[in-house]
Amino acid sequence: MSVATHSSSSAPVLLFVLGMHRSGTSALTRVLDLLGFQNARALMPANTFNKLGYFEASGAVKINESQLHDASSFWFDPEPVDFDVFPAELVEKFTAQTRKFLETEFSEGTHFVLKDPRISKTFPIWRKAAEDAGFQVRCMLACRHPQEVAASLARRDQMTSAHALELWQSYMFDAERYSRHTPRMTVLYDALMADWRSVMTDALHALDMSLDDFPNRDEAAIDGFLSPSLRNFKDAEDGDASSPAMKLYQTFCGNPALTNTEVFDALFSDWKTRRSEDPLGDYALTFPVGVMAKVDRLRKEGKAEHAEAVLFKGVDAFPMNGRLREEAAKTLLFSERIDEAAALLDQPPPEGGESGELLYINAEVLLRQGDKPGAIALMEKSLNVRSDALHVRRRYANTLLDNQEYEKAAAVFKTVLEVDPNLPHMHAGLARALLNSGEFEDAKLSIDKAIAIAADKPGFFNILGRIEFQLEHFDAAETAYRRAIELNEKLAAPHAGLGQVLTHQKRSTEALEPLKRAVELAPDNADVRFNLGQVLMHLGEFDLAKVALKGAIQLNDQKPAFHFWLGKALRALGEIEAADLCDQTGQALMAKRAAS
């Protein structure tokens, strides 16, 4: 049943948890969840900074980020968002988007809870959407000592204390102002940790509910959850009791029911005046997370040069931040400024060590510099740090293939395909590795899978042609090469392959044209010139064969066969002394190979 069909008396309750980041909003939301409130289906994952979880709706975060973006704001911007000045059509779009999310997430039940600290900044939209969807809206405002919040943000985001305290005040002012005319109650973090039963009893009573409304509540789980480990900054300094942040905190503590709105109005007015007289500048550039947020925003707005300038300013300001260094190195790599990227990556490791992604970017730089073994070593190190990085594993497999480590490459390709079997280029890479390892039947199975997924790739048919040739399926090889040429006539490899098949079938006259075309398309390919020379020899075109074979040797003079075949052409032309010299060179190269 849709919530919009309930009468007002039976309408489900949607309880919003408002408050600043790192203020106990996660702890409060989890307590409500264990009491019996139903949270959103998809939640943000836990991480190092909230190991037990954020209990934060990922869909709500996405909506809020979008709305703040359209408001030219960020989650870390202390300036309040004034929705009253927004065009009506934009507010309607926000409200409709938000209502759709609420009706999707909370379609069945009686008591729901929703938390994302950003809602404190966008609550007018959420309240309107919830009321339109038929919910009874309630609010709990999580409030924690501002110095503890500042200490937590310094640890997580490297945010300055001045910025954090301004931001705490901004969120708490927004939460208080926007939740007026809505049943609400402040929940102090200290009190919740000390005696949650008493706190929840009072808070629920203030919101026309009680613990008895939740007969299936798990009190033991709440006791276990609210452990001292949740609190990392209990000993944060109290700060100046007369400071604006402390005055605001004391006001929340002194009147958790928030009935003294005139006091909050006076404090907010003073705060706004003070901010206009002494703004702290561009907050985005005062901590690494802000730098990356601003870079992402500028990129989305198509301001690539401005974004790059902000990024490198951030790297200069926070040289030991791995995330900024990673993004800067990636930017330099993609713009082919390889030397600059190498210099950046050559600096001492960032705080916390090199991430798997930073090691991978370094490997890409080494590849551009021609150091395949070094790149392979760094990719292996990257995968030791983060084994689930599929893009690194894919690149690693292809690099092993290019480095002619065929058996190892095949093994890595297989691990990639175990994770995602629908990657046609991985099947094709595996086919190439198996082909070069002499496992022709298995190679055929792999390339067939690649073609089944993507039948429009000429390179796949070229690989198929090579495999069919090795299996001595010459008609099938010819068909595969011709299909590759149909898909892309400007690829040299299938022309050369077709010429090789026709030559093997003693169809030298037919082989001549595809081989000539291959030489036109790949004039620097020694093997293609050699194959053309062989066909010309079969046709008795010894002068032309001589030219083709000399061209092959100019490109690669280390292959004995090139010299022997040139010797044949010269001997046919009566140039015996030169032919003997070619034979001697070929024999010397063979002896050198045997010795090595």
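These numbers were taken from a predicted model, which means no experiment stands behind them.
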S.K.: Return the CG to CG distance between Asn462 and Asn488, rounded to the nearest 0.5 Å.
M.R.: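 That separation rounds to 11.0 Å.
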
S.K.: Could you tell me if the side chain of Thr503 sits less than 4.5 Å from the side chain of Gln534, heavy atoms only?
M.R.: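 Heavy-atom side-chain distance check fails, nothing below 4.5 Å.
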
S.K.: Between Thr415 and Val419, is any pair of side-chain heavy atoms under 4.5 Å apart?
M.R.: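 Not in contact.
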
S.K.: Answer yes or no: is there a side-chain heavy-atom contact under 4.5 Å between Phe94 and Ile63?
M.R.: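 Contact flag for Phe94/Ile63 side chains = no.
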
S.K.: Who are the side chain to side chain contact (heavy atoms under 4.5 Å, CB included) partners of Leu555, not counting sequence neighbours?
M.R.: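 Listed in chain order: Asp524, Ala526, Arg529.
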
S.K.: Does anything in residues 308-318 pair up under salt bridge (Lys or Arg N to Asp or Glu O under 4.0 Å), and if so which pairs, sequence neighbours excluded?
M.R.: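 Output for this query lists Glu308-Arg337.
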
S.K.: Would Lys444 and Asp448 pass as an ion pair if we require N to O under 4.0 Å?
M.R.: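 Salt bridge flag = yes for Asp448 with Lys444.
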
S.K.: Checking Thr95 side chain against Ile125 main chain: does a donor-acceptor pair fall under 3.5 Å?
M.R.: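 No, the answer is negative, given that no donor and acceptor are paired below the 3.5 Å cut-off.
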
S.K.: Is NZ or CZ of Arg297 both nearer than 6.0 Å to the six-membered ring centre of Phe74 and within 45° of the ring axis?
M.R.: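 Because its charged atom sits under 6.0 Å from the ring centre and within 45° of the axis, Arg297 does stack over Phe74.
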
S.K.: Quick one: does any side-chain atom of Arg118 pair with a main-chain N or O of Val61 as donor and acceptor, under 3.5 Å?
M.R.: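 Not a single qualifying donor-acceptor pair exists.
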
S.K.: Which pair of non-hydrogen atoms, one from Leu333 and one from Ala341, has the smallest distance, and what is that distance?
M.R.: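 Heavy atoms of Leu333 and Ala341 come nearest at N-CB, 4.3 Å.
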
S.K.: Checking the side chain of Arg325 only, and the main-chain atoms of Met320 only, is there a donor and an acceptor separated by less than 3.5 Å?
M.R.: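 Checked: no pair found.
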
S.K.: Verify the neighbour count for atom CD of Glu486: are there more than 12 heavy atoms of other residues, nucleotides or ligands below 6.0 Å?
M.R.: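 It does: Glu486 CD has more than 12 such atoms within range.
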
S.K.: Are the charged groups of Glu380 and Lys408 less than 4.0 angstrom apart, N to O?
M.R.: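 Counted as a salt bridge, because a side-chain N and a carboxylate O are separated by less than 4.0 Å.
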
S.K.: Quick check for you: to the nearest 0.5 Å, what is the distance between Gln500 atom CD and Asp527 atom CG?
M.R.: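 The CG atom of Asp527 is 9.5 Å from CD of Gln500, to the nearest 0.5 Å.
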
S.K.: Just to verify, what does Arg30 make a salt bridge (charged side-chain N to carboxylate O under 4.0 Å, His left out) with, not counting sequence neighbours?
M.R.: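 Salt bridge (charged side-chain N to carboxylate O under 4.0 Å, His left out) check on Arg30 returns Asp33.
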
S.K.: Is any side-chain heavy atom of Val365 closer than 4.5 Å to a side-chain heavy atom of Arg368?
M.R.: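 Heavy-atom side-chain distance check fails, nothing below 4.5 Å.
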
S.K.: Quick one: does Leu18's side chain get under 4.5 Å of Trp126's, heavy atoms only?
M.R.: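 Sidechains of Trp126 and Leu18: no contact.
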
S.K.: Verify, without hydrogens or angle tests, whether Asp77 (side chain) and Glu79 (backbone) share a donor-acceptor contact under 3.5 angstrom.
M.R.: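 The answer is yes, because a donor-acceptor pair under 3.5 Å joins these two groups.
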
S.K.: Can you check whether Phe76 and Phe287 have ring centres sitting under 6.0 Å from each other?
M.R.: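 Distance test on ring centres: under 6.0 Å, yes.
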
S.K.: Kindly compute the distance separating CG (Leu491) from OH (Tyr481), expressed to the nearest 0.5 Å.
M.R.: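 Rounded to the nearest 0.5 Å, the CG-OH separation comes to 12.5 Å.
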
S.K.: Between Glu418 and Arg393, is there a side-chain N and carboxylate O pair less than 4.0 Å apart?
M.R.: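 Looking at Glu418 and Arg393, the cut-off is not met.
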
S.K.: At their closest point, which heavy atom of Ser73 faces which heavy atom of Lys121, and how far apart are they?
M.R.: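 Taking Ser73 first and Lys121 second, the nearest heavy atoms are OG-CE, 4.1 Å.
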
S.K.: Would you say the side chain of Gln67 lies within less than 4.5 Å of the side chain of Val81, judging by non-hydrogen atoms?
M.R.: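 Contact flag for Val81/Gln67 side chains = no.
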
S.K.: Answer yes or no: is there a donor N or O on one side and an acceptor on the other, between the side chain of Asn436 and the main chain of Arg432, under 3.5 Å?
M.R.: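 Checked: pair present.
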
S.K.: How many angstroms lie between atom CZ of Arg299 and atom OG1 of Thr331, to the nearest 0.5 angstrom?
M.R.: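 Spacing of CZ (Arg299) from OG1 (Thr331) equals 4.5 Å.
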
S.K.: Grab the two heavy atoms, one from Leu345 and one from Ala329, that are nearest each other, plus how far apart they are.
M.R.: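 Residues Leu345 and Ala329, closest heavy atoms: CD2-CB, 3.8 Å.
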
S.K.: Lys93: which residues meet the side-chain hydrogen bond (donor to acceptor under 3.5 Å, both in side chains) condition with it, sequence neighbours left out?
M.R.: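 Result, side-chain hydrogen bond (donor to acceptor under 3.5 Å, both in side chains) vs Lys93: Asp70.
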
S.K.: Is a donor on one side and an acceptor on the other found under 3.5 Å between the side chain of Asn64 and the backbone of Ala60?
M.R.: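 Side chain of Asn64 to backbone of Ala60: a pair is present.
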
S.K.: Can you measure from CD (Gln404) to OH (Tyr406) and round to the nearest 0.5 angstrom?
M.R.: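 With rounding to 0.5 Å, CD (Gln404) is 4.0 Å from OH (Tyr406).
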
S.K.: Counting distance only, does the side-chain N/O of Asn398 pair as donor-acceptor with the main-chain N or O of Arg394 below 3.5 Å?
M.R.: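 Side chain of Asn398 to backbone of Arg394, a donor-acceptor pair under 3.5 Å: yes, one is there.
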
S.K.: What residue among His391, Arg323, Arg386 forms side-chain hydrogen bond (donor to acceptor under 3.5 Å, both in side chains) with Glu357?
M.R.: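 Only match with Glu357 under side-chain hydrogen bond (donor to acceptor under 3.5 Å, both in side chains): His391.
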
S.K.: When you look at Lys372 and Glu405, which way does the salt bridge (Lys or Arg N to Asp or Glu O under 4.0 Å) test go after all the steps?
M.R.: CA-CA 11 Å; Lys372 284 183 185 175; Glu405 298 182 48; over 6 Å; no

S.K.: Is it true that a side-chain atom of Ser66 and a backbone atom of Lys62 form a donor plus acceptor pair closer than 3.5 Å?
M.R.: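 No, Ser66 side chain to Lys62 backbone: no donor-acceptor pair under 3.5 Å.
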
S.K.: Within the supplied structure, the quantity of interest is the number of heavy atoms (other residues, nucleotides, ligands) at a distance under 6.0 Å from Glu305 CD; does it exceed 12?
M.R.: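 Incorrect, the count does not exceed 12.
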
S.K.: Are Leu114 and Val17 side-chain neighbours, meaning at least one heavy-atom pair lies under 4.5 Å?
M.R.: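 SC-SC contact between Leu114 and Val17 ruled out.
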
S.K.: Working to the nearest 0.5 angstrom, can you tell me the gap between Leu153 CG and Ser23 OG?
M.R.: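 It comes to 8.0 Å.
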
S.K.: Quick one: does Arg41's side chain have a donor or acceptor within less than 3.5 Å of a partner on Thr104's backbone?
M.R.: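 The answer is yes, because a donor-acceptor pair under 3.5 Å joins these two groups.
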
S.K.: Could you check whether Arg517 pairs with Glu520 (Lys NZ or Arg NE/NH1/NH2 to Asp/Glu carboxylate O, under 4.0 Å)?
M.R.: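 Looking at Glu520 together with Arg517, the answer is yes, because their closest N to O distance falls below 4.0 Å.
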
S.K.: Please give me the minimum heavy-atom distance between Ser152 and Arg22, naming the atom from each residue.
M.R.: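 In this case the closest contact between Ser152 and Arg22 is OG-NE, 2.8 Å.
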
S.K.: Please examine the side chains of Lys449 and Leu417, heavy atoms only from C-beta on, and report whether any two atoms are closer than 4.5 Å.
M.R.: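 No, their side chains stay 4.5 Å or more apart.
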
S.K.: Before you tell me yes or no, could you show the steps for Gln369 and Asp371 under side-chain hydrogen bond (donor to acceptor under 3.5 Å, both in side chains), namely the whole-Å CA-CA distance, both residues' side-chain angles and the distance that decides it to 0.1 Å?
M.R.: CA-CA 6 Å; Gln369 294 175 327; Asp371 183 3; over 6 Å; no

S.K.: Distance-only, no hydrogens or angles: does the Gln169 side chain make a donor-acceptor pair with backbone N or O of Leu165 under 3.5 Å?
M.R.: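 Judged by distance alone, yes, a pair lies under 3.5 Å.
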
S.K.: Just jot down the side-chain hydrogen bond (donor to acceptor under 3.5 Å, both in side chains) partners of Gln97, sequence neighbours excluded, or say none.
M.R.: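 With neighbours one apart ignored, the set is empty.
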
S.K.: Is the count of non-hydrogen atoms from other residues, nucleotides or ligands lying under 6.0 Å from Lys330 atom NZ greater than 12?
M.R.: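 Buried by this count: over 12 neighbours within 6.0 Å.
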
S.K.: With sequence neighbours excluded, what pairs up with His425 under the side-chain hydrogen bond (donor to acceptor under 3.5 Å, both in side chains) test?
M.R.: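 None.
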
S.K.: Begin with the C-alpha distance, continue with both residues' side-chain angles, and end with the deciding distance and a verdict on side-chain contact (heavy atoms from CB on, under 4.5 Å) for Val295 and Val291.
M.R.: CA-CA 6 Å; Val295 168; Val291 173; 4.3 Å; yes

